[in-house]
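In each ligand, atom 1 is the first atom listed, and ligand 1 is the first ligand listed.
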Amino acid sequence: MPLAGKRILLGVTGGIAAYKTPALVRLLRAEGADVAVVLSRSAAQFVTATTLQAVSNRPVRTDLFDAAAEAAMGHIELARWADLVLIAPATAHCLMRLAQGAADDLLSTLCLATTSPIAVAPAMNNRMWLHPATVRNVARLRADGVIVLGPASGEQACGEVGPGRMLEPDEIVRAVDGLLTPGPLTGIKAMVTAGPTREPLDPVRYISNHSSGKQGYAMAAALAAAGAQVTLVSGPVSLTPPAGVDVVSVTTACEMLDAVMARIAEQTLFVGVAAVADYRPARAAPQKMKKRSGAVRAVELVENPDIVAAVAATKGKRLVVGFAAETEDTIANARDKLVRKGLDLIAVNDVSDRTIGFEGEHNAVTLVTEDGCEHIARTSKHEIARAITDRIASMLAARGDFEIPSAR
Ligand code: CTP
């Protein structure tokens, strides 16, 4: 019962995904949580208070000025009662109102009055999610400390396909578990790089590699599940970000370096999983290069910055972890990289084995530190990420004098 004794205030706003909230309440309660539901006026178009009252076994609140309900538990008391305010689904309108600090109905007032964490599971049409106004509101909410769970990509109720689907109830419950149950990395801020980088040759062409980003995204998910507050700096991939992880999207190695360095000071842990392109074209042509001009015979390349080495060079007490893909002398090359880049741990895989690595779902790695090697046999990228997270947690625990920035 991971949520035993935890009190969750579930705000439901008016989107079609609201029909999934009775299932969400049941799953939260099955894990031991006490759930109080607040329904917005438009949510009542999609799911009834009667249903939610039956599954939560508590009266459902809808109105700020409900005298009887206020007499039983006033709204400020309700805001204090919650260990977590979870809004699922959170509509575009709800996100806008939260970002503005509105307080003209029960749910918005509770969000202003609570000192507990607030998590939102957005659900809306993909164009609404990608609209600059929503992007602005979500950035504002993240900056205010609101945890954004999802959304997922896929087929939508309107028939379109894209980002904006609410996470499934079981995914939301897993994220809530991570938020409310302290893990070995609770209080730790961690940054992960993932995916490939793209180095432009001209406006339509680039140099890149086969990285899918799956191992980096699995790493970010595993660290978040262990309680870390994770920032994922991601190259271009087509993956849904793990719940509760802040994503910074970049394209080139230089952009990735800038995004990492702008945020590195507060991180206790850095894990470089990105397959950063080692070189970039010395000059990107401003216009599309034409075949007929015969100008493109050779491309001059310059070396990209080494991001994990740059982080390690300024690391202080930060733990710095790298990945390496090798085709020969796997362990010897990994040891060399560990020392050359100033890392604490490197996870190396042998990419000459076509059954693992790059685009697949599986991987096999050897964890190399200055003290020795530990092999993790072929398994899912998620299992690999969990094993590395366990190793990181024990390395951090072994450093008695370790500073946890957010605990200061
Ligand atoms: N890395 C990085 N920045 C780069 C290149 C690599 O941060 N410009 C990081 C990767 O994220 C990974 C580690 O360094 O954690 C090792 O990557 P790899 O490509 O194996 O190392 P290289 O330095 O490119 O070494 P080589 O090409 O000699 O194998």
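For the 3.5 Å distance criterion, the side chains of N349 and E326 fail to qualify, holding no donor opposite an acceptor.
Of the N or O atoms in I307, one or more lie within a sub-3.5 Å distance of an N or O in ligand 1. Considering backbone and side-chain N/O atoms, P305 comes within less than 3.5 Å of an N/O atom of ligand 1. Below 3.5 Å of separation, one finds no N or O of R340 facing any N or O of ligand 1. Ligand 1 has an N or O atom lying under 3.5 Å from an N or O atom of V308, backbone or side chain. For ligand 1, the polar-atom distance check finds no N/O of V321 at less than 3.5 Å from any of the ligand's N/O atoms.
Tested against L343, the residues L338, V321, T369, L319 include a single side-chain contact (heavy atoms from CB on, under 4.5 Å) partner, L338.
Among all non-hydrogen protein atoms, the one lying nearest atom 14 (O) of ligand 1 is K341 NZ, 2.9 Å. The protein heavy-atom contact nearest to atom 15 (O) of ligand 1 is G272 O, 2.6 Å.
Within the 4.5 Å cutoff, no side-chain heavy atoms of L110 are placed close to those of T114.
Checking atom 7 (O) of ligand 1 against the protein gives a heavy-atom contact under 4.0 Å.
In this structure, N363 and Q215 approach most closely via the heavy-atom pair ND2-OE1, 3.1 Å. Nearest heavy atom pair, residue I8 against residue V176, reads CD1-CG1, 3.8 Å.
Of the listed options E303, K337, E326, K337 places a heavy atom closest to atom 20 (O) of ligand 1.
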